[in-house]
Amino acid sequence: MFIQRELIKEIEKKLFKGKVIILTGPRQVGKTTLIKMLVENQGVPFIWLNGDEPNVPMLFSEINSKELKQLFGKNKIAVIDEAQRIKNIGIILKLANDNIPDVQVIATGSSSFELANEINEPLTGRKYEYKLYPISFGELNSFHGQLEESMLLKQRLVFGSYPDVIKNSEDSIEILSMLSDSYLYKDLFRLESIKKPELLVKLLQSLAWQVGSEVSFNELARTIGSDPKTVEKYINLLEKTFVVFKLNALSRNLRNEIKKSRKIYFYDNGIRNAIINNYNSINIRQDVGALWENYLISERMKTSEYQRILSNKYFWRTKQQQEIDYVEERDGRMWAYEFKYNIKKTPRMSKTFERAYPQNNFMVVNRQNYIEFLS
């Protein structure tokens with residue numbers, strides 16, 4: 001089974017444009033596979049260096065531009081996989097870009113905290129940066145066809161769309177259990193700052209139960225027996241390892257808008273369900289609304305990234321409990337969305353929102369029209 005990834009064409013356009021290409025994303029989503037296919041298709045010699053191999057970080061230790069050129073040799077492409085393992089990777093990539101312009105350097109990373117923190121300043125104006133996520137609805141739709149993929153919707157809501165889950169659906173529970181137990185947190189547990197792994201597990205379980213609801217660091221801290229600062233730090237690390245992401249409240253025009261609040265979603269429904277060990281069918285679940293909301297927003301994030309759609313993303317709520325699930329600000333307008341798994345429910349646009357943001361578009365996203373929303 002080969003599923004074409006949307007990013008491969010976008011990245012291919014940027015090859016040999018005089019900049020480093022950076023690809024980050026969660027573990028096990030296919031970054032290495034994508035880059036291997038990309039470079040092999042170019043028909044030019046390339047070198048592949050894996051930062052997970054013990055000797056590779058040593059190769060870059062105190063390396064200068066002349067030694068770097070010798071390392072790359074006559075290769076036209078140099079791939080540094082798991083680049084976050086290499087100390088001072090940002091400086092090394094800058095050296096390569098500035099001094100070896102005829103070599104296209106590509107760096108991948110399964111976490112962003114070390115890689116992104118180190119590359120931003122050295123590589124200002126010298127990089128194209130991309131994120132790869134679990135397989136998107138668009139990619140699956142192209143592979144299966146719209147009819148078949150829509151028939152698999154209930155499966156996606158429960159088991160998500162990690163490549164291994166898609167390819168080996170009969171082993172979905174085992175694969176997701178493995179991912180949620182080890183691979184996903186491998187980078188986090190390597191950090192000295194994660195001194196109590198059991199706290200992280202409790203936090204993830206609490207976040208999983210609160211998908212679609214506003215999250216309070218104080219309440220989470222009381223629930224897991226910690227303090228708000230630790231909760232916030234751990235959530236930031238979970239964001240940087242692409243496990244979860246925040247959606248902040250839209251607050252601009254009204255006094256009674258909720259201001260300092262956030263919701264937290266998982267990049268993949270399967271991981272969320274694995275954390276609470278619930279793989280029950282959609283037909284008998286009480287959390288269908290939360291699963292539907294998490295699925296749509298995470299898939300919309302993929303669409304925005306892959307199609308390079310620039311927008312600000314929010315949810316909206318007032319102190320009087322008026323709310324809209326998801327709001328995008330783009331092209332000077334507000335695009336407001338309500339998510340309803342039940343087709344019979346058709347809420348109307350909040351008059352308060354409409355008055356506060358008159359330049360708006362409103363859509364109720366349900367099982368009949370979600371393809372339009374995700375395309």
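The residues of the chain are indexed from 1 along the displayed sequence. Heavy-atom basis, side chains included; hydrogens, waters and symmetry copies ignored. Computed from a predicted model, the values in this text were never measured in an experiment.
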- Which other residues belong to the hydrophobic cluster containing Met151, where Ile, Leu, Val, Met, Phe, Trp and Tyr are joined when side-chain heavy atoms lie under 4.5 Å apart, directly or via other members?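 Leu147, listed by chain and number.
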Side-chain contact test, heavy atoms from C-beta onward, threshold under 4.5 Å: evaluate it for [X] versus [Y] and give yes or no.
X      : Y      : answer
Val29  : Tyr162 : yes
Leu204 : Val243 : yes
Lys202 : Tyr234 : no
Lys313 : Ser304 : yes
Asn369 : Met363 : yes
Ile235 : Leu207 : yes
Phe143 : Ile135 : no

- Ile106/Phe46 under side-chain contact (heavy atoms from CB on, under 4.5 Å): CA gap, chis, key distance, verdict: CA-CA 11 Å; Ile106 302 173; Phe46 64 90; over 6 Å; no
Which heavy-atom pair separates [X] from [Y] by the least distance, and what is that distance?
X      : Y      : answer
Ser261 : Glu214 : OG-OE1, 2.6 Å
Val244 : Ile264 : CB-CG2, 3.7 Å
Arg5   : Tyr133 : NH2-O, 2.7 Å
Lys131 : Tyr306 : O-CE2, 3.3 Å
Gly25  : Lys31  : O-NZ, 3.4 Å
Ile275 : Ala208 : CG2-CB, 4.2 Å

Look only at the side chain of [X] and the backbone of [Y], and say whether a donor-acceptor pair between them is shorter than 3.5 Å.
X      : Y      : value
Asp171 : Asn168 : no
Lys302 : Pro134 : yes
Ser136 : Glu139 : yes
Thr108 : Leu23  : no
Asn294 : Leu291 : no
Arg285 : Val158 : no
Glu67  : Asn64  : yes
Gln104 : Phe16  : yes
Asn99  : Leu95  : yes
Asp287 : Ala290 : no

In this structure, would [X] and [Y] fall into the same cluster of hydrophobic residues linked by side-chain contacts under 4.5 Å?
X      : Y      : answer
Leu71  : Met58  : no
Leu132 : Met37  : yes
Val44  : Val79  : yes
Ile91  : Ile80  : no
Met349 : Val364 : yes

Going by atom types only, do [X] and [Y] share a side-chain donor-acceptor pair under 3.5 Å?
X      : Y      : result
Glu40  : Gln42  : no
Asn236 : Lys246 : yes
Asn283 : Lys154 : yes

Return yes when atom [atom1] of [X] has more than 12 non-hydrogen atoms of other residues, nucleotides or ligands closer than 6.0 Å, and no otherwise.
X      : atom1 : result
Glu354 : CD    : yes
Glu170 : CD    : yes
Glu12  : CD    : yes
Gln286 : CD    : no
Lys19  : NZ    : yes
Arg308 : CZ    : yes

Atom pair [atom1]/[atom2] of [X] and [Y] - distance to nearest 0.5 Å:
X      : Y      : atom1 : atom2 : result
Thr230 : Leu203 : OG1   : CG    : 10.0 Å
Phe353 : Ile324 : CZ    : CD1   : 4.5 Å
Lys127 : Ile21  : NZ    : CD1   : 13.0 Å
Tyr130 : Ile35  : OH    : CD1   : 10.0 Å
Ile86  : Phe60  : CD1   : CZ    : 4.5 Å
Phe266 : Asn273 : CZ    : CG    : 9.5 Å

Is the closest basic N to carboxylate O distance between [X] and [Y] below 4.0 Å?
X      : Y      : answer
Arg333 : Asp331 : no
Lys229 : Glu232 : no
Glu293 : Lys263 : yes
Arg300 : Glu328 : yes
Glu149 : Arg156 : yes

- Query: Looking at residues at least two apart in the chain, or sitting in another chain, which of them share a ring-ring contact (aromatic ring centres under 6.0 Å, His included) with Phe373?
  - Reply: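 Phe373 satisfies ring-ring contact (aromatic ring centres under 6.0 Å, His included) with Tyr337, Phe339 only.
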- Task: Could I get the full list of ring-ring contact (aromatic ring centres under 6.0 Å, His included) partners for Tyr314, not counting sequence neighbours?
- Result: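 For Tyr314 there are no ring-ring contact (aromatic ring centres under 6.0 Å, His included) partners, ignoring immediate neighbours.
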- Item | side-chain contact (heavy atoms from CB on, under 4.5 Å) evaluation trace for Val56 with Glu82 | CA-CA 10 Å; Val56 169; Glu82 299 297 346; over 6 Å; no
- Message: Does the plane of the ring in Phe159 sit parallel, tilted or perpendicular to the ring in Tyr279? Use 30° and 60° as the thresholds.
- Response: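 Because their plane-to-plane angle is under 30°, the rings of Phe159 and Tyr279 count as parallel.
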- Query: Which class fits the ring pair Trp292 and Tyr341: parallel under 30°, tilted 30 to 60°, perpendicular over 60°?
  - Reply: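 Trp292 vs Tyr341 ring planes: perpendicular.
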- Does Arg272 count as lying over the ring of Tyr295, i.e. NZ or CZ under 6.0 Å from the six-ring centre, within 45 degrees of the axis?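 Because its charged atom misses either the 6.0 Å distance or the 45° angle limit, Arg272 does not stack over Tyr295.
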- Task: Step by step, work out the side-chain contact (heavy atoms from CB on, under 4.5 Å) result for Val105 and Phe72.
- Result: CA-CA 10 Å; Val105 179; Phe72 290 169; 4.1 Å; yes
- Item | Intermediate values then yes/no, side-chain contact (heavy atoms from CB on, under 4.5 Å), Val365 and Tyr326 | CA-CA 11 Å; Val365 184; Tyr326 180 65; over 6 Å; no
